[in-house]
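First comes the structure, then the notes that go with it.
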Amino acid sequence: KAQVKIKFVGAVGSESYAEKLKKLAVRLGVVDRIEWCGFVSKEALVDLYANARAVVYAPQDEDYGYVALEGQIAGKPLITTDDSGGVLEFIDSNNGWVSEFDSAVFAEALDAAWSDSKRCEHLGLSGRDRYMSLNLSWSRVAEKLILK
């Protein structure tokens, strides 16, 4: 219902799938609200996170979700689905939206994020705090492996 604008960043599994998504956007009449960015530089990615209202993580055959963690580091809430794999260990109603795997329910989460910037800010900061509390880092992994 809201005039949500979304930027897709990174690679799509295949060109045929990308074309299918673009045709679907045209058919649904939302092509003017979508930007297909493809791969971007690290600097551009930082800028995209900094200026986002929220981060959408809708994986297909991916289970860890660096996008979710990057969004948390940037202080942005995540919008994902209840079948998103390991990312669900990091995201809950305190720092984002976990939607049923249903397009109408997912759209409600997008509408909620788009319509309430203050809530997004609160959820994003909560997500960043959650990420920091987990102390996720390669140096910590190495330390744990060496000590075992």
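Count residues from 1 along the sequence.
Separation of atoms NZ (Lys20) and CD (Glu15) is listed at 14.5 Å; rounding is to 0.5 Å. How far NZ of Lys144 is from CD1 of Ile146: 12.0 Å, rounded to the nearest 0.5 Å. In this structure, CG in Asp92 is found 7.5 Å from OG in Ser126, a value given to the nearest 0.5 Å. Annotation: the span from Ser99 atom OG to Asp82 atom CG amounts to 7.0 Å, rounded to 0.5 Å. Considering NZ of Lys7 and CH2 of Trp36, their distance stands at 14.0 Å, rounded to 0.5 Å. To the nearest 0.5 angstrom, Ile6 atom CD1 is 13.5 Å from Arg53 atom CZ.
Under the 4.5 Å side-chain heavy-atom criterion for ILVMFWY residues, a single connected hydrophobic cluster contains both Leu28 and Tyr17. No chain of hydrophobic side-chain contacts below 4.5 Å, direct or via other Ile, Leu, Val, Met, Phe, Trp or Tyr residues, connects Leu125 to Trp97. Both Leu136 and Leu78 are part of a single hydrophobic cluster, where members link through side-chain heavy atoms under 4.5 Å apart. Connection of Leu21 to Leu110 is established within a shared hydrophobic cluster, with ILVMFWY side chains joined at heavy-atom distances below 4.5 Å, either directly or through further cluster members. Residues Leu24 and Phe106 share a single hydrophobic cluster, defined by chaining ILVMFWY side chains whose heavy atoms lie under 4.5 Å apart.
The minimum heavy-atom distance between Ala109 and Ile79, with the atom names listed, is CB-CG2, 3.8 Å. Nearest heavy atoms, Leu123 versus Asn94: CD2-O, 3.3 Å. For the residue pair Ile91 and Asn95, the shortest heavy atom distance occurs at CA-OD1, 3.3 Å. Residues Ala54 and Ala113 share a closest heavy-atom pair of CB-CB, 4.2 Å. Here the shortest heavy-atom pairing between Val87 and Ala68 reads CG2-CB, 3.0 Å. When all heavy atoms of Pro59 and Ser84 are compared, the closest pair comes out as CD-OG, 3.6 Å.
More than 12 heavy atoms of other shown residues, nucleotides or ligands fall within 6.0 angstrom of atom CD in Glu35.
No side-chain heavy atom of Thr81 sits under 4.5 Å from any side-chain heavy atom of Glu100. Residues Arg119 and His122 form no side-chain contact, since every pair of their non-hydrogen atoms from C-beta on lies 4.5 Å or further apart. Contact of the Val4 side chain with the Val30 side chain is not registered, since no non-hydrogen atoms from C-beta on lie closer than 4.5 Å. No side-chain heavy atom of Asp129 sits under 4.5 Å from any side-chain heavy atom of Tyr131. Contact of the Arg130 side chain with the Leu134 side chain is registered, since non-hydrogen atoms from C-beta on lie closer than 4.5 Å.
At distances below 3.5 Å, not a single donor-acceptor pair connects side-chain atoms of Asp116 with backbone N or O atoms of Ala112. No donor-acceptor pair under 3.5 Å is formed between the side chain of Arg128 and the backbone N or O of Gly71. With hydrogens and angles disregarded, a donor-acceptor distance shorter than 3.5 Å links the side chain of Asp111 to the backbone of Ala2. Although no hydrogens or angles enter the test, the distance criterion places a donor-acceptor pair under 3.5 Å between the side chain of Thr80 and the main chain of Tyr57.
Considering Gln72, Glu70, Lys76 in turn, Glu70 is the only one that fulfils the side-chain hydrogen bond (donor to acceptor under 3.5 Å, both in side chains) rule with Tyr49.
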